[in-house]
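Read through the structure below, which is laid out as structure tokens, and then see the notes.
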Amino acid sequence: MPPSSASTSAARPAAAGGGVQSLERAFDLLERMADAGGEVGLSELSTSSGLPLPTIHRLMRTLVACGYVRQQPNRRYALGPRLIRLGESASRLLGTWARPYLARAVEETGETANMALLDGDEIVYVAQVPSRHAVRMFTEVGRRVLPHSTGVGKALLAGHPPEEVRALLGRTGMPAATEKTITDPDRFLDALEEVRRLGYAMDDNEQEIGVRCIAVPVPDSPTAAAISISGPTGRVTEASIDKIVPVLQEIAAELSVALANQNPA
């Protein structure tokens, strides 16, 4: 899935008024900061957005005053703490909207279904519907993990340019959750190429031994999102993938339409 930032403001239609245009530009800058890992310099924002430095400086001063951005000691700008409350509320709502679709995934595959977002450099799980099996996978909603060891992480990063993925891996490192975890950036980029070719991602004992996860991105989601099913490797076999993947892709497409229309389920 591509980064959330839109095209440069020069390519956008003119807003109806100066106040509305300033609001659009401010949100665009916040999204570009998130795409860059949460911390940027003014010159970087000017280059990526096409806006002049004085305009960016004025907008950033306002965002700092409101608490949505903070200025670091090195004079770079970082996303501010007031965004946390907004993000948490939005994530909860998104998870509520997704639950009926995850319930369908459980019904059709028999395994636990999850929805996750890419939040900065981490994966955060925002919704889950558990399997009815006595032995099942459980991931706490709100849990954060690094993307390189998860199916949803691979599904989400597969749409990002390789240089952005390398930068993210450089910031987070690639610690091994199990002996199966990919810990080499080149191998991980090869794995993402395979995800793009196949249309789905798999975590094969990479986050937890004995667990296999199949994930697909939610296309055109307002924020980078993926859904997945996870279960014991004895049930989520390689032979079952041909059945599971089309189900997940269909549900992801329907969820995408619901999110776009703000009319879930």
Residues Arg166 and Glu163 bridged, charged N to O under 4.0 Å: no
Heavy-atom closest contact (Ser230 atom, Glu111 atom, distance): O-CB, 3.6 Å
For Gln249, all residues meeting side chain to side chain donor-acceptor pair (under 3.5 Å), sequence neighbours excluded: none
Side chain to side chain, Ile209 and Glu179, heavy atoms closer than 4.5 Å: yes
Thr172 vs Glu122 side-chain heavy atoms within contact, under 4.5 Å: no
Within-4.5 Å side-chain heavy-atom neighbours: Cys213 and Ser228: yes
Met33/Met60 under side-chain contact (heavy atoms from CB on, under 4.5 Å): CA gap, chis, key distance, verdict: CA-CA 11 Å; Met33 292 178 70; Met60 296 300 280; 3.7 Å; yes
Trace of the side-chain contact (heavy atoms from CB on, under 4.5 Å) decision for Ile241 with Met202: CA-CA 10 Å; Ile241 291 175; Met202 181 165 62; 3.8 Å; yes
Cluster overlap Tyr68 with Val64, hydrophobic side-chain contacts below 4.5 Å: yes
Same apolar cluster: Val165 and Leu146, side chain cutoff 4.5 Å: no
Ser256 side chain to Val218 backbone, donor-acceptor under 3.5 Å: no
CD-CG distance between Glu164 and Leu157, expressed to the nearest 0.5 angstrom: 9.5 Å
Non-hydrogen atoms of Val126 and Val141 that approach each other most closely: O-CG1, 3.5 Å
Approximate separation, where rounding is to 0.5 Å, of Thr47 OG1 and Leu42 CG: 10.5 Å
Minimum side-chain heavy-atom gap Gln72-Glu39 below 4.5 Å: yes
Arg75, CZ: over 12 other non-hydrogen atoms inside 6.0 angstrom: no
From Ile123 atom CD1 to Leu118 atom CG, the distance as rounded to the nearest 0.5 Å: 5.0 Å
hydrophobic_cluster_shared for Met115 and Val129, side chain cutoff 4.5 Å: yes
Thr233, Asp204, Thr237, Asp203 screened by side chain to side chain donor-acceptor pair (under 3.5 Å) with Arg212, the one that passes: Asp204
Close side-chain approach of Asn114 and Ile227, heavy atoms under 4.5 Å: no
Sub-4.5 Å side-chain heavy-atom contact between Pro232 and Arg235: yes
Minimum heavy-atom distance Ala105-Ile229, with the two atoms named: CB-CG2, 4.3 Å
Lys154 to Leu192 - nearest heavy-atom pair and separation: O-CD2, 3.6 Å
Stepwise side-chain contact (heavy atoms from CB on, under 4.5 Å) check, Arg70 with Tyr77: CA-CA 6 Å; Arg70 62 183 179 185; Tyr77 289 86; over 6 Å; no
Under-4.0 Å salt bridge between Arg76 and Glu44: yes
Atom pair CG/OG1 of Leu45 and Thr55 - distance to nearest 0.5 Å: 12.0 Å
Pairwise side-chain contact, Tyr125 with Leu117, heavy-atom cut-off 4.5 Å (strictly under): no
Closest contact, heavy atoms only, Ser22 versus Leu59: O-CD2, 3.8 Å
Cluster check Leu248, Val195: I/L/V/M/F/W/Y, side chain < 4.5 angstrom: no
ILVMFWY network linking Leu102 to Val124, side-chain heavy atoms under 4.5 angstrom: yes
Donor-acceptor contact below 3.5 Å, side chain Thr178 vs main chain Glu208: no
Inter-residue atom distance Arg187.CZ - Thr181.OG1, 0.5 Å rounding: 10.0 Å
side-chain contact (heavy atoms from CB on, under 4.5 Å) evaluation trace for Met174 with Asp184: CA-CA 7 Å; Met174 300 183 71; Asp184 175 77; 5.8 Å; no
Closest non-hydrogen atom pair between Leu29 and Ile56, with its separation: CD1-CG2, 4.3 Å
Ser149 and Gln207 side chains, donor-acceptor separation under 3.5 Å: yes
Those residues that, when tested against Glu254, pass salt bridge (Lys or Arg N to Asp or Glu O under 4.0 Å) (two or more places apart): Arg104
Minimum side-chain heavy-atom gap Val211-Glu206 below 4.5 Å: no
Side chain to side chain donor-acceptor pair (under 3.5 Å) partners for Asp190, two or more places apart: none
Straight-line distance of Leu255 CG to Tyr101 OH, nearest 0.5 Å: 6.5 Å
